[in-house]
Amino acid sequence: MRAHPAGPRHGDFVSDSSSTTGKPSAEAVDALAPSVWSRTCAREPSGAMTVGGVDVRDIATEFGTPVFVLDEQDLRSRAREYAQAYRQAGASRVYYAAKAFLSVAVAHWVHEEGLGIDVASGGELAVAMRAGIPGEALLMHGNNKSMEEIVAAIDHGVGRIVIDSFEEIARVAEAAAKAGVVQPVMVRATVGVEAHTHEFIATAHEDQKFGLSAESGAVEEAVRRIAKLPSLTLVGLHSHIGSQIFDASGFEIAAGRVVALAQRIYDEQGIEIEELNLGGGMGIAYLESDDPLDVPDMAAQIGEIVAKACADAGIMAPALAFEPGRAIVGPAGMTLYEVGTVKPVQLDHGQMRTYVSVDGGMSDNIRTALYGADYTVRLASRSSTAEPMLCRVVGKHCESGDVVVRDAWLPGDLAPGDLLAVAATGAYCRSMASNYNYVPRPGVVGVESGEASTILRRETVEDLLGLDAHT
Ligand SMILES: *Cc1c(COP(=O)(O)O)cnc(C)c1O
């Protein structure tokens with residue numbers, strides 16, 4: 001069973017759908033599907049790709065490859081759309097999930113467009129603080145927050161700390177008491193729903209590390225303990241059900257269960273749940289065939305689902321909150337690689353596959369190796385009318401599983417020195433990057449209105465050697 005971002009029970013759903021048959025036309029292999037590429041992507045008359053009004057060849061020359069390119073206009077427009085659509089659907093706050101990708105510039109952009117930020121470590125909190133994001137716009141997650149992280153969050157006035165265990169109730173209460181504040185907290189409930197793309201799985205219990213079980217009475221017990229502690233104030237419940245979700249069906253089951261939980265808490269303890277945070281997981285198109293619900297539809301459907309569940313339960317509808325990550329930053333990013341080697345390999349059934357090696361790989365995009373993720377790749381430095389060939393885009397690491405795009409059709413005249421662009425790599429690529437093989441992590445370049453500038457600089461071997469205590 002393959003691992004899957006929505007959790008282990010989704011491993012079986014990872015499809016091997018990428019077709020190795022049915023050769024597309026040369027035009028199709030050159031085209032930039034608007035649902036997959038960031039909103040300012042285009043091909044200029046010479047055939048080279050531009051993004052944010054900047055020629056990708058100029059980006060490669062100035063900043064080197066591999067490099068992540070972040071389309072500021074695309075990211076800002078998606079942040080704005082999420083803030084508007086989910087507010088309209090009843091959300092009091094939409095947080096950007098920082099783990100997808102965070103830098104000071106990105107923290108500024110999402111906050112300026114109306115989003116709060118969900119951080120899940122002291123490091124992510126430090127970036128948000130450096131960007132000057134006020135504490136009340138922040139929410140902190142984590143199933144094992146250190147005392148240091150809890151203290152830092154409380155000192156900065158983080159608006160919501162999401163409680164993930166019984167131990168944490170005591171830890172947050174102690175830190176808040178020491179600081180002389182009353183800390184607003186939420187309780188993370190696991191409701192037995194795991195959603196991904198067009199499927200969801202609903203069970204009574206969840207075999208995973210996050211949150212407290214709704215079914216077992218643990219959430220009610222946590223609420224009881226929090227109510228007794230003067231340094232804590234409960235603002236609501238939290239539930240996050242998965243990732244890369246294309247429709248609202250999983251949210252329907254989850255919302256029903258959290259609302260039932262809120263009703264039990266009210267009936268038994270007289271405590272009203274003011275806020276319901278339904279997490280993130282809204283999906284994006286990695287391939288042209290991916291069809292996530294559009295943003296306003298998804299928001300409206302979830303809003304109606306919760307309103308109906310509350311009406312059925314006879315409780316007041318709480319304010320909603322959401323935490324999209326991938327949906328804000330994923331489509332805004334692309335990775336530019338330079339082709340190094342092109343190696344045709346004869347397959348058993350007579351077909352040829354061409355291994356195209358690029359100057360990065362699993363150190364800048366682990367999702368293909370980890371989840372069997374699919375990506376769209378294009379020749380970016382020029383266009384081509386050459387007959388397409390079946391390729392596998394691979395990295396430079398010492399691992400045969402070091403694959404960037406498992407099955408891709410690329411022009412048959414592809415050659416060393418060509419630039420390839422991989423779409424929708426803004427989320428969970430740079431943020432999950434490693435230094436495997438002592439390869440420095442790529443930089444991130446922002447593009448906007450014809451200008452390119454560094455957001456995160458590329459690491460150097462000197463940076464890596466600087467960690468080694470011996471000379
Ligand atoms: C990962 C995560 C998110 C964001 O998920 P996306 O799929 O990027 O939208 C939000 N909330 C929680 C608790 C998460 O773990």
Side-chain angles (χ1 to χ4, degrees), residues 3-8 10 75 78-79 81-83 85-86 91 93-102 106 110 115-121 124-125 128 138-145 158-165 168 185-191 193-197 199-200 206 208-212 214 236-248 250-251 254 258 275-286 290 292-293 295 298-299 302 320-333 366-367 370-371 373 424-432:
H4 191 277
H10 277 285
L75 192 154
R78 289 177 205 272
E81 283 164 22
Y82 267 83
Y86 281 84
R93 184 76 88 170
V94 183
Y95 298 90
Y96 167 64
K99 70 178 186 200
F101 175 72
L102 191 65
V106 166
V110 297
L115 302 184
I117 300 181
D118 139 19
V119 297
S121 72
E124 289 176 2
L125 174 63
L138 300 177
L139 169 151
M140 181 174 254
H141 271 297
N143 67 299
N144 188 17
K145 304 171 191 76
V158 162
R160 305 275 185 271
I161 294 180
V162 182
I163 298 285
D164 207 282
S165 64
E168 207 168 80
V185 297
M186 309 191 77
V187 177
R188 179 156 177 180
T190 51
V191 295
V193 178
E194 211 178 275
H196 172 69
T197 309
E199 302 102 11
F200 66 87
E206 267 186 54
Q208 56 120 316
K209 69 174 183 172
F210 294 109
L212 293 165
L237 300 177
H238 184 284
S239 154
H240 171 76
I241 58 169
S243 70
Q244 191 53 357
I245 301 169
F246 282 9
D247 61 47
F251 284 103
V258 208
E275 190 174 300
L276 201 53
N277 185 323
L278 292 176
M282 295 74 182
I284 63 167
Y286 284 100
D290 288 338
L293 262 188
V295 181
M298 184 80 144
I302 297 174
L320 298 180
F322 295 90
E323 299 163 339
R326 183 194 315 270
I328 307 296
V329 74
I366 192 67
R367 294 189 65 257
L370 194 57
Y371 307 129
T425 59
Y428 304 112
C429 287
R430 181 59 180 77
S431 70
M432 294 177 106

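The analysis underlying the following values was restricted to heavy atoms, covering all of them including side chains, and did not include hydrogens, waters or symmetry mates. In listed order, ligands and their atoms are each counted from 1.
Protein heavy atom at the shortest distance from atom 2 (C) of ligand 1 is Lys99 NZ, 2.5 Å. In terms of protein heavy atoms, atom 3 (C) of ligand 1 is closest to His240 CE1, 3.5 Å. Of the protein's non-hydrogen atoms, the one nearest atom 10 (C) of ligand 1 is Glu323 O, 3.2 Å.
The shortest N or O to N or O distance between Gly279 and ligand 1 is not below 3.5 Å. Taking only nitrogen or oxygen atoms, main chain and side chain alike, His141 does not reach within less than 3.5 Å of ligand 1. By the 3.5 Å distance cut-off applied to N or O atoms, Gly281 is counted among the residues near ligand 1.
Atom OH of Tyr95 sits about 7.0 Å away from atom CG of Asn277, to the nearest 0.5 Å. The OG1 atom of Thr190 lies 12.5 Å from the NE2 atom of His240; values are rounded to the nearest 0.5 Å.
Between Ile245 and Phe200 there is no side-chain heavy-atom pair separated by less than 4.5 Å.
Shown in contact with Tyr428 at under 4.0 Å from a heavy atom are these atoms of ligand 1, numbered in order with element: 1 (C), 4 (C), 5 (O), 6 (P), 8 (O). Of all the atoms in ligand 1, the ones that sit under 4.0 Å from a non-hydrogen atom of Asp118 are 10 (C), 11 (N).
Using modelled atom types, one finds a donor on one side chain and an acceptor on the other under 3.5 Å when comparing Glu323 with His141. In this structure, a donor-acceptor pair under 3.5 Å is absent between the side chains of Arg78 and Tyr96.
Here Pro324 has backbone heavy atoms under 4.0 Å from ligand 1, and that is the only part of it that gets that close.
In terms of heavy-atom proximity, Leu102 sits nearest to Ala128 at CD2-N, 4.3 Å.
Remark: Arg326 is not positioned above the aromatic ring of Tyr428, lacking an NZ or CZ atom under 6.0 angstrom from the ring centre and at most 45 degrees off the axis.
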